[in-house]
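Step one of this worksheet: look at the structure below.
For ligands, and for the atoms within them, numbers begin at 1 and follow the listed sequence.
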Amino acid sequence: PVIVKGKDKVGKQVSFSDVAGLDEAKLEIMEFVDFLKNPKRYEKLGAKIPRGALLVGPPGTGKTLLAKATAGEANVPFFSMSGSDFIEMFVGVGPARVRDLFQQARSQAPCIVFIDEIDAVGRARGRGGFSGGNDERENTLNALLVEMDGFSATSGVVVLAGTNRADILDKALLRPGRFDRQVLIDKPDIRGRYQIFMVHLKNIKLAVEPETVAKQLASLTPGFAGADIANICNEGALIAARNGRKSVEIVDFEAATDRVLGGIEKKNRVIS
Ligand code: ATP
């Protein structure tokens, strides 16, 4: 499988300025950035840097984005894989993928490995809930634990993982030397939503000042995650284009908000 995603699709480095809000999370993750940039400074003092951190929060709140931006800030390669990619029909594929991922990462250290949806592999063992392939999942989890223990604290591989359910994870994953830090990534409040709108309105041709649009939309969108906001900005532009406008107006974003809200409600209905 293709694992390396050093840069995003257009080859642009993602930096903290692409991540709106999440000030506390950025502050916590800065420790890893500093370590990846100056490993010697830590080694000299005998300091053991945490091996990894869990980014915990609801879907679409920017966990992947923050992990990518951490790599961008430290200017190191970014390897990413989703927990569900490890789980395959065929026995042995999951553990092999874990080993491959870490082998590649070690050869390019210092670097960041990001595992999205870690709960797909990291759910507490012996609880079932996964239709078939449970042993395979446990073997994959064991392979992950072995890999995380297998490199020294100074090998320069930082492992970040995203989940929206830290409570269902196997406790073995949370032990010191593994994911011993948790960074909370919550849905944005009105100020956060304003900032996320400002980021995503940057490249859109607007009829009025971005501040005005962002302020109005932020108050219309309680409960929306960053991904929904990015969606509204793009949908708004699509609606304006379809209507043959020269620039995007607030009514276009309002229509887009309704549409995105419809999508969210549909998703919730499927889940519940
Ligand atoms: P999931 O749990 O579903 O994997 P996630 O938390 O990893 O979601 P991302 O994939 O990082 O979410 O976010 C999706 C997109 O939403 C980002 O690529 C970005 O465009 C937008 N986004 C989310 N949060 C923010 C934010 N804080 N600032 C700017 N953009 C954001």
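Inter-residue side-chain proximity for Val183 and Leu54 is flagged as unmet; no heavy-atom pair is nearer than 4.5 Å. By the 4.5 Å heavy-atom criterion applied to side chains, Thr70 and Phe78 are not counted as neighbours.
Residue pairs meeting the salt bridge (charged side-chain N to carboxylate O under 4.0 Å, His left out) criterion with at least one member in residues 185-195, sequence neighbours excluded, do not occur.
Counting only distance, with no hydrogens or angles, the side chain of Lys68 and the backbone of Gln13 share no donor-acceptor pair below 3.5 Å.
Side-chain atoms of Asn139 and Asp135 include no donor-acceptor pair closer than 3.5 Å.
The residues lining ligand 1, counting any heavy atom closer than 4.0 Å, are Asp18, Val19, Ala20, Leu22, Pro59, Gly60, Thr61, Gly62, Lys63, Thr64, Leu65, Asp116, Ile196, His200, Gly226, Ala227, Ala230.
By the 4.0 Å N-to-carboxylate-O rule, Arg97 lies too far from Asp85 to be salt-bridged with it.
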